[in-house]
Amino acid sequence: MKKIGTINTYYKLLLLIVSTSLFFLLLYVSLYLYTIKEEKQFYKRTFNQYENEVNSLFKLNSETPTATIIDVTFWDGLVKFTKTKDKKWYNKNVASQFETYKMDYVGVYDLSNQLINKTKSTKIKTINFIPKEVMLKLYKSKLTRFYMKIPEGIVEVFGGTIHPSNDPKKNKSNPSGYFFMARLLDKDFFEKLDQISSSKVSLTENSYISPVAKDAVTINLGLKDWNNKEVSKLTFKRVFNLNFKNTKEILFIVIIASIFNILICLYYTKRWVYNPLKLITSILETGSRSAIASLKRIKGEFGYIGNLFEENSNQRKQLEISKHKAEESDKLKSSFLANLSHEIRTPMNAIIGFSDLLSNPDLNENEKSEYLKIINKSGNNLVSIIEDLIEMSKIDAHQIKPKYKGINLNKCIRELYETIKVTIPKEKQIDFHIIECSNPIEKYLLTDETKLKQILVNLIANAIKFTDEGSISFGYAVNDNDGTVTFMVKDTGRGIDEKNLKVIFNRFLRVEDQFHADSSGLGLGLAISKAYIEMLGGSITVNSSFGKGSIFRFKIPLVFDESEKKIKVKTTNSFHHNLGNETILIAEDDNINFLLLKKILQLRNYTILRAKNGQEAVDICRVNTDIDLVFMDVKMPVMNGLDAFKIIKKTNPDLIVIAQTAYSSAEDKEMILNLGFKNYITKPLNKEKIFELLDGFFKVKEKNKLKKMLTDFNKN
């Protein structure tokens, strides 16, 4: 190295040129030899690949007709036709479908090898060309495919024995006849093969031998008859564009030119221009931060450019984040508004429309009853949509927390089964059952029972919606290895295609295609279920094939409640008319809601009072001691129902106060009961639930009243 350092610049450059020239010469020789070797190997690989491609393509080309003839030949109607030889049936069921077979000839033969009827295109003039020997072999083989010559050319023939529909494998019954299809290997056939295979396809004689050519790859496929004898060949020819000669020449020219250009300016160009430009290119292509840092270290204008790139990169990153959020928000908003508008208008259309029809005085009682059922169902659908929206909003705001308690999982599963079983539409032929666990949990499982039930209800409801017939099953299994419980909901319904499977848990997504046009809802059911599962510390997966059903599985931690469980004895309330002339105060600011509740209560002849806000409710309860029960709306002007309730309880702690609210989540209900309300009713109001509550409260009150009277009597 010291000796080289003493040599002047000229000899340094000369030494560099000589050494570089030798290097490139050795490189060229190596590349040349490598090119010759690769030329042979590449041609061989191309030939093998092309041969496999041609064989696969030709096999695939015959699979559709083969599948068609398999499908057609186990057909009760065709079995009957071989006996009746009814031409009308043939014309209606076979001849009319001739074009769908995409064949040039279709014929049905009886067991005596006689042609019963046929249909052919204008391409084939020959009437009956199927050899009887083929039918003798087909009787045993059940299915055949072969080639044969006819005056019009080479035809590909597909044949199958005819069997009833209950014998799809053709092993339970003897053939009733034979069904043949044939297509002529004509110009149209070859043109289609040309397009599919990107080759030139032609029909050649048996003795044809393809000439060896470096500019083309040729494959010969033998076409065999029913005796496995070759009747002709199909020749596939594809241009082979690899020209190694030109490659060698170009390589030589490039190396020579490079020697005269690169060696002169390599050092300074690389140091002052090449390296900085390479860094700039890398930055522009990939945005590499390491390349920006390297460019900044170079003195001069390239260092300044590096600083500009760094600022630009930071700004672009922020813009991309903002753009992505804006696009995602806009897309979600559009989807949400479109779904919300459609889903709310649908039940509202039914409610308004059938309410208007009810004003028709000519309606009979059956029609009125039917319209009222539709209005009620549409109202429930509307409430369900709103509840889903509220629930999703609370999940996003992290306002929902799991309420863990010990549950009897087996009892929970059984209750769900009994509840859901009666909701399955009678027109759907569904076998609904529980998957029994081989190792059932005997202890109390610590989880949120409400959310667990909601998850299972959502998944099972989805399965019912997309299953018209078949089976739906659900259950659980214990995984001792990872300490989890796996729940499964399985159905044999329509299934989910691969496209929808990737985004099935996304919000506001509904599977919409020609098979799922009847699906409704905002597409929040699975999103809410997934959020609940993750809230419980679990995960959910789905396996599905379009047309073959779906299996949803989700896991939650296997944790047992070790605290002692007390058995609660259920008491049943008797539902009867009020025991006395009770007075009920309705605290409700909305006139329509008040009128509805008033009309419901007047069915039992209760005395009704009204307060339009919380302050009026407090004042009425203070001056009227005859009030037996208060329905308190939670949200009212002047003073809300919660504040009014607190004041009333201070002056009259024994007064029964029932909250009425439009908030229906489990958290809201728990909050209401914790405040001291005796119970609650949710909007929309349910007449039967209201009467059930009143019967229970007034019966207990009457018992306490009688008990007090007896006590006072004994004292006297």
Side-chain angles (χ1 to χ4, degrees), residues 57-82 85-87 89-165 167-170 175-190 192-193 196 203 221 223-228 231-232 234:
L57 177 64
F58 202 66
K59 181 180 178 182
L60 183 65
N61 193 43
S62 299
E63 282 184 357
T64 299
T66 302
T68 299
I69 202 163
I70 290 173
D71 184 59
V72 169
T73 52
F74 56 92
W75 185 4
D76 294 332
L78 194 57
V79 171
K80 185 177 179 182
F81 171 72
T82 58
K85 302 179 180 180
D86 183 358
K87 290 184 178 180
W89 184 93
Y90 177 87
N91 292 332
K92 179 180 178 181
N93 295 278
V94 179
S96 63
Q97 303 297 319
F98 178 74
E99 290 185 1
T100 64
Y101 297 147
K102 296 182 180 179
M103 291 284 132
D104 297 307
Y105 176 87
V106 170
V108 182
Y109 293 75
D110 59 20
L111 290 178
S112 62
N113 307 331
Q114 296 300 315
L115 178 64
I116 301 175
N117 210 333
K118 69 179 188 309
T119 304
K120 60 187 181 64
S121 68
T122 56
K123 295 179 182 179
I124 296 180
K125 306 296 183 182
T126 308
I127 296 176
N128 184 9
F129 53 85
I130 306 297
K132 294 183 179 180
E133 295 84 353
V134 174
M135 300 179 199
L136 295 176
K137 292 182 67 175
L138 182 59
Y139 189 90
K140 295 181 180 180
S141 64
K142 313 299 184 185
L143 187 69
T144 186
R145 180 174 73 90
F146 61 91
Y147 300 85
M148 64 179 294
K149 285 185 178 181
I150 63 173
E152 291 81 6
I154 302 295
V155 291
E156 185 179 15
V157 182
F158 302 84
T161 53
I162 300 171
H163 294 262
S165 60
D167 187 17
K169 294 185 178 180
K170 300 184 179 182
S176 300
Y178 310 96
F179 189 90
F180 285 94
M181 301 190 309
R183 60 180 173 185
L184 184 65
L185 306 188
D186 58 356
K187 182 180 178 181
D188 293 339
F189 178 83
F190 293 133
K192 291 179 181 178
L193 276 184
I196 296 172
L203 198 62
L221 283 182
L223 305 180
K224 298 181 180 180
D225 63 10
W226 66 91
N227 284 324
N228 208 31
V231 297
S232 186
L234 272 183

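Just so it is clear, the structure is predicted and the values come from calculations on it, not from any experiment.
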A.B. asks: If you compare all heavy atoms of P164 against all heavy atoms of V79, which two are closest, and at what distance to 0.1 Å?
C.D. replies: N-CG2, 3.5 Å

A.B. asks: Name all pairs fulfilling the salt bridge (charged side-chain N to carboxylate O under 4.0 Å, His left out) condition that reach into residues 108-133, sequence neighbours left out, sorted by first residue then second.
C.D. replies: K85-D110, K123-D186, K123-D188

A.B. asks: Would you name the heavy atoms of L138 and G160 that are closest together and state the gap between them?
C.D. replies: CD2-N, 3.7 Å

A.B. asks: With a 4.5 Å cut-off on side-chain heavy atoms, are L185 and L223 touching?
C.D. replies: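 Yes; the side chains approach each other to less than 4.5 Å.
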
A.B. asks: For the residue pair E63 and L60, establish whether any side-chain heavy-atom pair is separated by less than 4.5 Å.
C.D. replies: yes

A.B. asks: Go through the structure and list residues passing ring-ring contact (aromatic ring centres under 6.0 Å, His included) with F146, not counting sequence neighbours.
C.D. replies: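 For F146 the ring-ring contact (aromatic ring centres under 6.0 Å, His included) partners, ignoring immediate neighbours, are W226.
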
A.B. asks: Any chance you could measure F98, atom CZ, to N91, atom CG, to the nearest 0.5 Å?
C.D. replies: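 So the gap between those two atoms works out to 13.0 Å.
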
A.B. asks: Would you give the length of the straight line joining atom CG of N113 to atom CD1 of I130, rounded to the nearest 0.5 angstrom?
C.D. replies: 11.5 Å

A.B. asks: Using side-chain contact (heavy atoms from CB on, under 4.5 Å), reason through V106 and F158 one step at a time and then give a plain yes or no.
C.D. replies: CA-CA 10 Å; V106 170; F158 302 84; over 6 Å; no

A.B. asks: Could you walk me through whether L203 and L234 satisfy the side-chain contact (heavy atoms from CB on, under 4.5 Å) test, starting with their C-alpha distance in whole Å, then the side-chain angles of each, then the deciding distance to 0.1 Å, before giving a yes or no?
C.D. replies: CA-CA 5 Å; L203 198 62; L234 272 183; 3.7 Å; yes

A.B. asks: Between F81 and N117, is a side-chain contact (heavy atoms from CB on, under 4.5 Å) present by the stated rule, with each step listed?
C.D. replies: CA-CA 10 Å; F81 171 72; N117 210 333; 4.0 Å; yes

A.B. asks: To the nearest 0.5 Å, what is the distance between CG on D104 and CD1 on I124?
C.D. replies: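 Between D104 CG and I124 CD1, I get 5.0 Å after rounding to 0.5 Å.
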
A.B. asks: Taking atom NZ of K224 as the centre, does the number of heavy atoms from other residues, nucleotides or ligands within less than 6.0 Å exceed 12?
C.D. replies: no

A.B. asks: To the closest 0.5 Å, what do you measure between CG (N128) and CG (L115)?
C.D. replies: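 Atom-to-atom, N128:CG and L115:CG are 5.0 Å apart.
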
A.B. asks: Which value, rounded to the nearest 0.5 Å, describes the distance between L193 atom CG and L57 atom CG?
C.D. replies: 6.0 Å

A.B. asks: Just jot down the salt bridge (charged side-chain N to carboxylate O under 4.0 Å, His left out) partners of K192, sequence neighbours excluded, or say none.
C.D. replies: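 In terms of salt bridge (charged side-chain N to carboxylate O under 4.0 Å, His left out), with neighbours along the sequence ignored, K192 is linked to no residue.
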
A.B. asks: Pairs of donor and acceptor atoms involving the side chains of residues 69-76, under 3.5 Å and at least two apart or interchain, shall be tabulated with distances.
C.D. replies:
residue	atom	partner	partner atom	Å
T73	OG1	I69	O	2.7
T73	OG1	I70	O	3.3
T73	OG1	K170	NZ	2.7
D76	OD1	S165	N	2.8
D76	OD1	S165	OG	3.2
D76	OD2	S165	OG	2.8

A.B. asks: If you round to the nearest 0.5 Å, how far is CZ of F189 from CG of L184?
C.D. replies: 9.5 Å

A.B. asks: Compute whether any side-chain donor of one residue and acceptor of the other, for S62 and R145, lie under 3.5 angstrom apart.
C.D. replies: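 Result is yes, a qualifying pair exists.
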
A.B. asks: For residues M181 and P65, report the shortest heavy-atom separation together with the two atoms involved.
C.D. replies: CE-O, 3.5 Å

A.B. asks: Could you work out, with side chain to side chain contact (heavy atoms under 4.5 Å, CB included) as the rule, every residue matching T82, not counting sequence neighbours?
C.D. replies: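 Checked T82 against side chain to side chain contact (heavy atoms under 4.5 Å, CB included); matches are V108, I116, I162, S176.
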
A.B. asks: If you compare all heavy atoms of T126 against all heavy atoms of P151, which two are closest, and at what distance to 0.1 Å?
C.D. replies: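 Here T126 and P151 meet closest at OG1-CD, 3.5 Å.
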
A.B. asks: Got a sec, which pairs hit ring-ring contact (aromatic ring centres under 6.0 Å, His included) with one end in residues 106-140, sequence neighbours left out?
C.D. replies: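 Applying ring-ring contact (aromatic ring centres under 6.0 Å, His included) to every pair that reaches into residues 106-140, excluding sequence neighbours, yields Y105-F129, Y109-F180.
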
